[in-house]
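Keep in mind that the numbers below use all heavy atoms, side chains included, and drop hydrogens, waters and symmetry copies.
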Amino acid sequence: MRIFDPHIHMTSRTTDDYTRMAAAGVRAVVEPAFWLGQPRTNPGSFTDYFDSLIGWEPYRAAQFGIVHHATIALNPKEANDPRCRPVLDLLPRYLDKDRVVAVGEIGYDSMTPEEDDAFERQLALAVEHDLPALVHTPHRDKARGTRRTLEVVAASGIAPERVAVDHLNEVTVGLVRDSGCWMGFSIYPETKMSPPRMVQILKQYGLDRMLVNSAADWGVSDPLLTLETGTAMLAAGFTDDDVDRVLWRNPVEFYGQSGRLDLTPAVTGEPTFAGSSIKRGGS
């Protein structure tokens, strides 16, 4: 089983996770920019973070034979912080980078006017830079948030097939399916979506435009729940080809729209940033 995790926050994970993922068949990941848990207080902290997503983390993943790409954005939660909003003006320099395959995560946390503005501006950047968009739906009032999300996407002019609306569930999947956008599902140990529930959704809605991810981060999460979902699909009667479509070919198709997806395993060496070599080890 080959696995492409289309939404996982490896900055929050350890090298042990990379080892387990590689052994489980994970060959490629996309890491979206997100809220790190601790509030950031200035745009400079974002530039350091973005630099890590396109420099250090691909190098770290390559040590385990895993190809790493990123999506870049001002996340919805921090779009409400006036100290962070100048990041919107910094995004174009990163959206031109080779390993950036989408604008994301964008969308809603609390559905504030500030989030509306950041969402609309970043969808416009996706159109301008000819990139797909990865959209975060709110954890609270999800149905209303998803409907609002789809209204903003439709008004932006971006083609729906270039948008993945993530963190869906049984209540919201039909809305997104009917919009023409891609449907993203985060498989979690305790919340969001479980492998058995995901199998039932695949039975009901089919395999088209389906993206299954672990969204593993600093919270209670598991980067191997993509594998567990594939195993549950097989147990439920799906074929090996069905599993390959959901866990590999679908994310390749979605992020391939960026024109930047390169799944060739990297030749590892010391990563270089601004002319300086970053050495192995912590000190």
Side-chain angles (χ1 to χ4, degrees), residues 4-13 26 28-36 40 46-58 60-61 66-79 84 87-88 90-109 115 118-137 149 152-153 156 158-168 181-186 209 211-218 223 226 250-263:
F4 183 155
D5 194 327
H7 182 151
I8 184 169
H9 300 288
M10 293 309 300
T11 296
S12 303
R13 312 303 302 193
V26 178
V29 300
V30 167
E31 178 163 1
F34 82 135
W35 180 55
L36 295 178
R40 284 174 280 209
F46 281 85
T47 61
D48 291 338
Y49 171 54
F50 294 160
D51 286 342
S52 176
L53 290 182
I54 62 176
W56 171 249
E57 206 57 47
R60 196 164 74 109
I66 295 174
V67 178
H68 180 288
H69 293 80
T71 77
I72 297 292
L74 172 63
N75 69 83
K77 186 176 183 69
E78 288 177 295
C84 300
V87 173
L88 291 169
L90 301 176
L91 293 179
R93 80 166 73 158
Y94 289 98
L95 298 181
D96 285 334
K97 300 296 184 181
D98 287 343
R99 305 204 68 81
V100 175
V101 292
V103 178
E105 296 179 64
I106 58 177
Y108 288 115
D109 179 61
E115 291 172 24
F119 190 13
E120 292 166 5
R121 288 176 62 180
Q122 292 182 98
L123 284 171
L125 285 171
V127 173
E128 178 183 346
H129 290 264
D130 196 25
L131 287 172
L134 178 64
V135 178
H136 171 99
T137 51
T149 293
V152 175
V153 167
S156 74
I158 192 171
E161 64 269 18
R162 295 176 66 81
V163 177
V165 182
D166 214 341
H167 309 316
L168 300 181
C181 296
W182 286 70
M183 295 157 279
F185 299 86
S186 299
R209 292 183 280 122
L211 298 172
V212 171
N213 66 74
S214 70
D217 57 16
W218 39 258
T226 48
N250 278 0
V252 169
E253 181 180 346
F254 177 71
Y255 287 115
Q257 296 179 98
S258 68
R260 301 175 183 172
L261 191 66
D262 182 359
L263 297 176

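- Listed here is the closest heavy atom pair of A133 and A126: CB-CB, 4.4 Å.
- Between D262 and R99 there is no salt bridge, since no side-chain nitrogen of the basic residue lies less than 4.0 Å from a carboxylate oxygen of the acidic one.
- Atom CG of residue L261 and atom CD of residue E253 lie 11.5 Å apart, to the nearest 0.5 angstrom.
- Scanning both residues, L211 and A164, for their nearest heavy atoms gives CD1-CB, 3.9 Å.
- At a threshold of 4.5 Å between non-hydrogen side-chain atoms, the residues R40 and N75 count as touching.
- Here the CD-CD1 distance, from E105 to I72, works out to 11.5 Å after rounding to the nearest 0.5 Å.
- Minimum heavy-atom separation, P58 to S52: CD-O, 4.0 Å.
- Distance NZ/K77 to SG/C84: 11.0 Å, rounded to 0.5 Å.
- Taking the centre and axis of the six-membered ring of F254, the NZ or CZ atom of R209 falls outside the cone set by 45° and 6.0 Å.
- To the nearest 0.5 Å, atom CG of residue L263 and atom CD1 of residue I66 are 12.5 Å apart.
- Using a 3.5 Å distance cut-off with no hydrogens or angles, the side chains of T137 and H167 do not pair a donor with an acceptor.
- Residues H129 and D96 share a closest heavy-atom pair of ND1-OD1, 3.1 Å.
- Between I106 and L123 there is a side-chain heavy-atom pair separated by less than 4.5 Å.
- Distance check, rounded to the nearest 0.5 Å: OG of S214 to CE of M10 gives 8.0 Å.
- With a 4.5 Å cut-off on side-chain heavy atoms, W56 and D51 do not count as touching.
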Discussion item. Checking L91 against R121 for the side chain to side chain contact (heavy atoms under 4.5 Å, CB included) test, could you report, in this order, the C-alpha distance in whole Å, the side-chain angles of both residues, the deciding distance, and whether it holds?
Written reply: CA-CA 11 Å; L91 293 179; R121 288 176 62 180; over 6 Å; no
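- Relative ring orientation between F50 and Y94 is described as perpendicular, the plane-to-plane angle rising above 60° on a 0-90° scale split at 30° and 60°.
- Taking the side chain as every heavy atom from C-beta outward, L36 and Y49 approach each other to under 4.5 Å.
- The shortest distance between side-chain heavy atoms of R162 and D130 falls below 4.5 Å.
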Item to complete: Evaluate side chain to side chain contact (heavy atoms under 4.5 Å, CB included) for V165 paired with M183, printing each intermediate quantity in order.
Response: CA-CA 5 Å; V165 182; M183 295 157 279; over 6 Å; no
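- Counting only distance, with no hydrogens or angles, the side chain of T71 and the backbone of G104 share a donor-acceptor pair below 3.5 Å.
- Neither side chain, T226 nor D5, offers a donor N or O lying under 3.5 Å from an acceptor on the other.
- With contacts defined as side-chain heavy-atom distances shorter than 4.5 Å, the pair S156/E120 does not qualify.
- Residues Y108 and T149 form a side-chain contact, since some pair of their non-hydrogen atoms from C-beta on lies under 4.5 Å apart.
- Nearest heavy atoms, P251 versus P6: CB-CB, 4.0 Å.
- One finds the SG atom of C181 at 12.0 Å from the CG atom of D166 (value rounded to the nearest 0.5 Å).
- Under the 4.5 Å side-chain criterion, counting only non-hydrogen atoms from C-beta, P132 is not in contact with V101.
- Using modelled atom types, no side-chain atom of E128 and backbone atom of P92 make a donor-acceptor pair closer than 3.5 Å.
- With hydrogens and angles disregarded, no donor-acceptor distance shorter than 3.5 Å links the side chain of Q122 to the backbone of A73.
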Worksheet entry | Chi angles and distances behind the side chain to side chain contact (heavy atoms under 4.5 Å, CB included) call for E31, E57 | CA-CA 9 Å; E31 178 163 1; E57 206 57 47; 3.3 Å; yes
Item to complete: Please assess L134 against H7 for the test side chain to side chain contact (heavy atoms under 4.5 Å, CB included), listing each intermediate value before the final yes or no.
Response: CA-CA 9 Å; L134 178 64; H7 182 151; 4.0 Å; yes
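- Contact record, A79 with L74: CA-CD2, 3.8 Å, taken as the closest heavy-atom pair.
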